[in-house]
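Take a look at the structure set out below.
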Amino acid sequence: SLELIDFRINGKSVKAHVSEDNKAKYVLVDSGTTYFTAPSEMFFSVMKHFPEAPCSEVEDYPPIQYVLRSAHNQTYTLEVGQDTYMVMDENDSCRPAFMKLDIKRKSYGPAMILGEVFMRHFFTVFSRGNGSLEQAKVGFAKAKVGAQPKLKQSEQASYLQAQASVMRRQKVPQRRQRASAR
């Protein structure tokens with residue numbers, strides 16, 4: 001788990017509007033969880049900012065920021081844009097990829113989870129080091145969405161099958177670029 005210092009929407013803290021018992025104190029990174037999660041009160045605060053709408057109207061939703069404490073006691077702001085946290089359904093309707101989840105266990109919660117939709121857009125590396133908790137690390141880097149891996153001819157067919165399976169499971173809206181007059 002990562003220590004969560006603050007959770008912000010468009011630079012404004014969401015924690016200020018949540019009771020002390022329901023403030024997330026940690027961020028977990030879990031490839032077995034599909035969406036982002038938040039404790040109940042935080043979830044409802046988040047959802048107020050991002051109403052479900054036709055994807056053509058979801059152009060300027062603000063970024064969300066997780067302010068985390070690093071292993072070296074420094075803070076790091078992980079900013080996530082609408083192209084990551086909004087998902088499209090089969091009717092071209094976009095909604096936040098958040099779900100309510102209360103983690104009651106004191107050693108892990110209250111916590112928020114960065115799930116699989118996050119890892120589609122952020123290259124995530126886990127390292128257990130020597131196996132001790134003090135050596136465990138997680139690293140993030142913005143992924144180059146749509147990049148094609150360089151594969152040997154023998155690996156290409158299985159990659160394309162896996163890619164098609166992922167695309168069928170869930171479409172993700174891309175940020176619409178506004179034309180600017182120059």
Side-chain angles (χ1 to χ4, degrees), residues 1-9 11 13-15 18 22-39 42-43 46 62-87 96-172 174-175:
S1 67
L2 305 167
E3 185 180 353
L4 180 65
I5 304 301
D6 197 9
F7 176 74
R8 301 174 183 155
I9 296 176
S13 180
V14 172
K15 290 172 129 185
V18 177
N22 211 15
K23 279 185 190 176
K25 295 174 177 62
Y26 302 101
V27 171
L28 308 174
V29 185
D30 180 23
S31 62
T33 301
T34 303
Y35 285 171
F36 294 85
T37 74
M42 287 185 79
F43 171 80
V46 168
I64 58 176
Q65 295 113 359
Y66 296 84
V67 182
L68 306 168
R69 186 177 314 279
S70 75
H72 303 291
N73 208 27
Q74 296 176 331
T75 59
Y76 173 77
T77 301
L78 178 63
E79 185 166 289
V80 179
Q82 73 181 27
D83 56 333
T84 301
Y85 67 75
M86 294 296 285
V87 293
F98 268 86
M99 63 184 201
K100 179 177 61 164
L101 181 66
D102 292 308
I103 300 171
K104 300 290 184 185
R105 190 170 175 185
K106 289 278 186 211
S107 57
Y108 297 112
M112 300 179 86
I113 296 177
L114 303 176
E116 189 261 331
V117 293
F118 169 80
M119 288 184 251
R120 289 181 196 166
H121 295 264
F122 287 84
F123 181 69
T124 306
V125 178
F126 300 91
S127 174
R128 293 291 298 160
N130 64 9
S132 69
L133 188 57
E134 296 78 30
Q135 291 287 311
K137 297 176 186 172
V138 63
F140 306 113
K142 191 100 169 119
K144 187 173 180 183
V145 177
Q148 295 296 317
K150 294 178 182 172
L151 302 171
K152 296 177 189 171
Q153 190 70 21
S154 60
E155 298 169 325
Q156 217 148 27
S158 60
Y159 169 75
L160 292 173
Q161 287 174 338
Q163 184 80 5
S165 174
V166 168
M167 296 303 285
R168 280 191 305 269
R169 273 193 290 152
Q170 188 170 36
K171 294 186 253 175
V172 177
Q174 296 299 314
R175 171 172 272 175

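Just so you know, these numbers come straight off a predicted model, no measurement behind them.
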Distance under 6.0 Å and angle within 45° of the ring axis: does K142 meet both against F122?
yes
A side-chain contact here means heavy atoms from C-beta on lying under 4.5 Å apart; do V67 and L4 qualify?
no
Shortest non-hydrogen contact from R8 toward G11
CD-O, 3.8 Å
To the nearest 0.5 Å, how far apart are CG in D30 and OG1 in T124?
11.5 Å
Nearest 0.5 Å, please: how far is OG1 in T84 from CD1 in I64?
8.5 Å
With sequence neighbours excluded, tell me which residues meet ring pair (Phe, Tyr, Trp, His ring centres under 6.0 Å) with Y66.
F7
Give me the atom names and distance for the closest heavy-atom approach of T33 to M99.
CG2-CE, 3.9 Å
Of the non-hydrogen atoms in A97 and V117, which two are nearest, and what is the gap between them?
CB-CG2, 4.0 Å
If we only count heavy atoms from C-beta on, is the F36 to I113 side-chain gap below 4.5 Å?
no
Could you go through L78 and F140, starting from their C-alpha distance and side-chain angles, then the distance that decides it, and tell me whether this counts as side chain to side chain contact (heavy atoms under 4.5 Å, CB included)?
CA-CA 9 Å; L78 178 63; F140 306 113; 4.2 Å; yes
Note, I5 side chain near Y76 side chain (heavy atom, < 4.5 Å):
no
Show, in sequence, the C-alpha distance, side-chain angles and deciding distance for V125 and V138, and conclude whether the side chain to side chain contact (heavy atoms under 4.5 Å, CB included) test is met.
CA-CA 6 Å; V125 178; V138 63; over 6 Å; no
Output for pair (D83 CG, H121 NE2), nearest 0.5 Å, gives 5.5 Å
CE/M42 to CG/D102 distance, rounded to the nearest 0.5 angstrom?
11.5 Å
For the residue pair Y35 and F98, is the inter-centroid distance of their aromatic rings smaller than 6.0 Å?
no
Measure across I9 and P62 and return the closest heavy-atom pair with its distance rounded to 0.1 Å.
CG2-CG, 3.8 Å
Distance, nearest 0.5 Å, that separates CE of M112 from NZ of K25:
13.0 Å
Closest approach of M119 and L114, non-hydrogen atoms and distance?
CE-O, 4.0 Å
Sub-6.0 Å ring centroid separation between F118 and Y85:
no
Which heavy atom of A111 sits nearest a heavy atom of T37, and at what distance?
O-OG1, 4.5 Å
Side chains of D6 and S13: closer than 4.5 Å at any heavy-atom pair?
yes
